[in-house]
Structures are given as structure tokens and as C-alpha cells.
2 protein chains.
Amino acid sequence: MALPQRATLDDVARLAGVSRKTASRVYSEPEKVAAATREQVLAAARRLRFRPNTLARTLRRGGATSTVGLLIGEMSNPFYHAVAAGIEHELSASGLTLVMGSSDDTEEGEERVADALLSQRVAALLMIPSAADQSYLDGERQLGTPVIAVDRPARNLLADAVLLQNRAGARQAAEALLNAGHRRIAYLASRADIHTQHERLAGYREAMATAGLGDAAALEHLSDDDAEDTVARAALDTAEPPSAVVAGNNRMSVAVLRAARELETRPALVGFDDFDTADVLGISVISHDPLEMGRRAAALAVERIARPTTVPEVIELPTRLVLRGSESSTGLAF
Amino acid sequence: MALPQRATLDDVARLAGVSRKTASRVYSEPEKVAAATREQVLAAARRLRFRPNTLARTLRRGGATSTVGLLIGEMSNPFYHAVAAGIEHELSASGLTLVMGSSDDTEEGEERVADALLSQRVAALLMIPSAADQSYLDGERQLGTPVIAVDRPARNLLADAVLLQNRAGARQAAEALLNAGHRRIAYLASRADIHTQHERLAGYREAMATAGLGDAAALEHLSDDDAEDTVARAALDTAEPPSAVVAGNNRMSVAVLRAARELETRPALVGFDDFDTADVLGISVISHDPLEMGRRAAALAVERIARPTTVPEVIELPTRLVLRGSESSTGLAF
DNA sequence: CTGAAAGCGCTTACAG
DNA sequence: CTGAAAGCGCTTACAG
């Protein structure tokens, strides 16, 4: 069966008995069209099931769509989902639509997906950089598309960034454990090669050095891939396990709990990132607000779209130590 | 400062010394252009930082973009994030881009955002219906845009759907508790007005009736809004608390744990939906695969884009009972 | 407040 | 394999 033809503005104008331009005005500057004419046009549009074609409008207007691209490396971490939710929320408040792409965490994927988003002429590009270098975006930036890095800074690219105070947060985590009397405090991280983990590790080291425990390298358990469970088990299943652990992110915290349960070793724990059941489990964390991070990044995008020529800005969002008991030496609450 | 002008295909053709059409072919059917000519064009494109304008291409080609819209009610539930991740994954494998919109769970919002997505001429619309009625999409469906409902069926609209076996899953949950010897088994749900909760409640009732416990209305604790913690506390903080609970979704499971901890009442528990720390906590659940749900929905969209005229299909994905200890009468493992 | 012409950047027929 | 003309659906100047 043949599908009915999609109506165009011309069809609407013809049915309403006005010029094409008048029909167009009903959608772009309705207040400039006489009320009676407007009603006539809208009635015709309803009858024909007309919906203005945003593509054509944008093309004619010179390229600036009302979409904003978000490029994420890995879709599996709940932290990034929350960031995306915050972004979506803020954008929709400004009448913008979110277009998402994920690079599956490969260098080649990041550039390919960025290219696809930019070909759709997104008004701005938000990204969680995961490739080693973002200089491939420099041409686009010069053409006026704002680029905003989220959670990690872009490399070799002049771009705005919204980050966390990773170093201060991790320092706080270690200090909380030191204050509770611990000395053998381990730091556990997967994806240790990325910026956030660099910073957090540095914060942990600062706290340890300040406490006169500078030579803690044996207590650092780092992996460049996603093997949280392996790292956690390796750290805890030793002759002399640490009495306390700083977990580098939410997934590592859960991995520590899992390993602790299996091994019946119960180290004190402060984890970076809050998570769903941390309160139920009595786990102390370095908390921050991923929704807020997304909101701030989107707000920055909205501002850059309006005023493209400003100097790049770096926003660092604070973290907060939430004590729930697991920082003490009495072991976990579960 | 003036921004440099964006290069068009014309500029590239001129610099490469070929016709506009030849330059176009390099991007649409590269195998039909002589290798030497192709290299010449690509070199010119690189020099000019040219990126083909997808909008213009789509407009000329007759409307079908390579984007797919996803309309979500509430962005806050991790379940939907996982569904979205599955969708994104499957779409990108087919060279499609995901455009997301959230309705903030209002009827008016759903229609407004659907309209925005359709104005961008998405090739298909995936949605988690939250309004009471989706008949407003019928015109668009007749124009050939596939609509696929995810997690809940669309109402008053002929659309494909990818759902869970909610009823069977909830029945299994109640049966697991019955098998463990429980009789006073409560059912707790927030958002009790939506389709999934209807079905799950029905499954619970079936199991109870079969066990000769048909009159369990006093054990049903339902709320139409999001007040999980309130429902959980009300259900457990009574003179005669239930000995076991079926939680209607992941958030209710966590709310039960929280309430149980505060009240030191420790009912057995089987929750619908798995969640991050359920294994650590030893919580038995009705598990299913939100990523898979997203993947299937996206695959259906891809198929419908290719062959639009097929009859709507309803896919029901199975659930799986995962026993971790909390179904027994000995109380929670934490 | 309304209208006829031109054009946004690309691709589709139609020729060669 | 390459080219000159027309047009996708809309809006922007330019007139009235």
C-alpha cells in the first residue's frame, strides 16, 4: 500500500488560501500574523497533519540547529548516566534536544562519532574525552562550535571543562581513614590511566605523605583496564591485607565489598562516588553530584552558543565527605 | 573576530578542479570515482576542513535521516539508563544515531517532545509511554514512521512493543517466598498506576490465590507516586509486619532495605529487577536484562525502517529468578 | 501585515 | 566514469 504523502508548508498555504510566506510566519513569528489568518493556517495544518521540517528550516537559516551532541566513551557506568540525565534536563529547559553517541571507548570510535554528530550540525559538542588527544576537533572549534569537556579535560584542544575536585576529594578520603587510626591504607583503582584516577591517586599520596607514610607504593593497586574484581581480590587476599581501603570509584567500592564478603576480610572503606545502596550498607564515600555536573556543562554549552567568542572556562565542582561508619576500624556494617 | 567560513562541497569541488557532482560522489559512492580523482577531492576537503552537511543531504534525499528518537518519561531510574545504553549500542552498530528527549513524566511533555523529535525527521521513534494515550502519534505512523513502545505498551496506537514477562516474573517471586514457607507475603509498589505494576500485582495475586491465600488485599501496599520510602515504612512499621515482601521494582527493594535497617524488622525479600549491590547484599531478585531490552527494541526499529509495512509485533522478554538467600525466613544477609 | 523571487548545501534524474 | 540543471522544504532579503 502506498503511504500518504507528507504535507509541506506549500500544501498548507494552498489549503488555507494564503501565500507560502504567511504560512511560514505562523510558525516563526506568529504574533505578526493577523489572528484570523493564523487560525485559518493552523486549521489547514491540522487537517493535513503538517509538521514543520526542522531540517529545511535549519539549512536555510544557516546551519545552527537546536541540538547539542553528547559523546560518551562507555555507556555502562551509572555515573555517566546521571551526568547525561542532568545534561538532558538543562538542555530541554533551554529548548534544545540532546543527541547522543558512544565511542565504545576506542580512539577511532571517538573521532568517528564526533564526526557524525558534527555532520548533523550540533550547536555544541559536550564530551567525556577518552581518546589520548582531541586536537582533531580544533578545526571545528575554529568554525565556531563550542566544545565542552566533562569529567576529564580535553587534551591538545582549547575547550571549556567541567571537572570534579578529584585530588582534594581523594585526600579527604585518605584523611578520614587516617583520622580513624588506620596506617595501612590501600588505594585501589581500575582505569588508572585516565585523568580522574591520576588526580585521585595524587590526592591519596599527598595525604599519606603528610601523615609521614610517604612510601606507600606497595599499597597502591592499579589496573589500566576494567578489572575491578581482580584488583580488589589481589589487594585483599594477601598475608598482610591493608586495614583500610580508598576505592577509586563507585564500581571499585562494590568490588571491594564483593571481595570482602568472599574472603571474610573486612577492611575499613571510603569510596570515591556515592552509590545507590551505600547508605543502606553504611559505606562512607566522597560524594558529589553527577546531575549537577551535567547541568553545569549544559548551561555552559547554552551560554557558549549564545556568545561563542569568550575565553574557555574550567569549572571544578566540589566533593563532600559523607561518613556512614565504614571509615572506622570496626569493619563494614554489613 | 570573524569566524572562518564553513566550506561547502562547491568549495571542495572548485579547489580539487572537479564538478560538484564528482565531489559529492566521493562521499556517497566512492567506489564509482577514479582513485586519483578521489584522492584529489579528499585532499581538498582536508585542506578546507570540509564536513558534509547531513541536513542538506537528508533534505534532498527525501526526509529519512539516520537518527532514531528515544522518548523517556523519567531520566532518574537506572533501569531506563541501561535500556538506553542497549539502544544506543544496537543503533550505532547499524550506523544510526540516537536522539534523546525526556518528557519529565508529564502528558503535555510527552507530546511536545515527541513533536520535536518528529520535526527532526527521526527515522523511527522509540518510546517508554508514560501519558495515558498515544493516539496523537497515529498520523505520524500512517506517514510511515515506525513507533516502538518499550517496557510498557502504547495505548490507542498500533505500535510494536518490547515488554517484560511482568506477570510471570512477579508470580515467581511470590512462589519463591511461598516455597520458603512464608504466608504473610506483602506486595509493595510505587507508581502502581502504570502497566508494569498492574501486571506484576496480578502475578503476585495469582500466586497467592493458588496457594489458598486469595484474600491478601491487606498485604498490598501501593502508591501512585514515587514515594518508595514511605510505602516501605508503612508496610513494615506495623503491629503485625509481613514475614516476607515482594518489591515491585529496584527502587522499592532498596527502600525495603533502608526501612528494614531503620526499624530492625527483617522480612524476607524478593525484588523485581536486579540492582548493583544485590549480589553483595544477598538479595534474591527477579532478574532480566535491560540492555537486551534496549537492543531488541532498537533491532526492531532498524527492521521497521527497512520494511515499514509489516504488522506490529509484541516481544515479551523472559525474567529469571535469582536466589541469593533473602527469600528464606532467616532474614536478610546484611 | 502580505507576497514573489532567490537560495541554504546537497543529491537526483537526465545526458553524455 | 563525469557534468549542467532542477529541486528537497523551508526562510531571507527585498518589495509593497
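Quick caveat: nothing in here was measured; it's all calculated off a predicted structure. We name chains A, B, ... by the order of the sequence lines, and we start the count at 1 in each one.
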Participant: Could you go through residues 92-99 of chain B and list every donor-acceptor pair under 3.5 Å that involves a side-chain atom there, pairing it with any protein atom two or more places apart or in another chain?
Facilitator:
{"residue": "B:S92", "atom": "OG", "partner": "B:H89", "partner atom": "O", "Å": "3.2"}
{"residue": "B:T97", "atom": "OG1", "partner": "A:Q120", "partner atom": "NE2", "Å": "3.2"}

Participant: According to side chain to side chain donor-acceptor pair (under 3.5 Å), who are the partners of A:E110, at least two apart in sequence or on a separate chain?
Facilitator: A:S130, A:Q134, A:Y136

Participant: With sequence neighbours left out, write down each residue that passes side chain to side chain contact (heavy atoms under 4.5 Å, CB included) with B:L158, or none if nothing qualifies.
Facilitator: B:R141, B:P312

Participant: Please enumerate all residues that pass side chain to side chain contact (heavy atoms under 4.5 Å, CB included) together with A:R49, with sequence neighbours excluded.
Facilitator: B:Q142

Participant: Identify the two heavy atoms, one from B:A154 and one from B:A159, that lie closest to each other, and give their separation to 0.1 Å.
Facilitator: CB-CB, 4.4 Å

Participant: With a 4.0 angstrom cut-off to heavy atoms of chain A, pull out the first and last contacting nucleotide of DNA chain C, in 5'-to-3' order.
Facilitator: C:dC1 to C:dG9

Participant: For B:E316, what residues pass the side chain to side chain donor-acceptor pair (under 3.5 Å) criterion, not counting sequence neighbours?
Facilitator: none

Participant: When you measure from every atom of DNA chain C, which of residues 37-50 of chain B have a heavy atom less than 4.0 Å away?
Facilitator: B:F50

Participant: Check whether the side chains of A:D10 and A:T8 place a donor and an acceptor atom closer than 3.5 Å, and report yes or no.
Facilitator: no

Participant: Per the side chain to side chain donor-acceptor pair (under 3.5 Å) rule, what does the pair list look like for residues 290-302 of chain A, sequence neighbours excluded?
Facilitator: A:E292-A:R295

Participant: So, using ring-ring contact (aromatic ring centres under 6.0 Å, His included) as the criterion, who are the partners of A:Y27 when residues are at least two apart?
Facilitator: A:F50

Participant: How does DNA chain D look in dot-bracket form if you count Watson-Crick and G-U pairs under 3.5 Å, write [ ] for pairs that cross, and put | where a base pairs with another strand?
Facilitator: |||.||||||||.|||

Participant: Kindly state which residues belonging to residues 25-36 of chain B come within less than 4.0 angstrom of DNA chain D, counting heavy atoms of the residue only, listed by number.
Facilitator: B:R25, B:K32, B:V33, B:A34

Participant: Please list all pairs passing the side chain to side chain donor-acceptor pair (under 3.5 Å) test where one or both residues lie in residues 35-48 of chain B, with sequence neighbours left out.
Facilitator: none

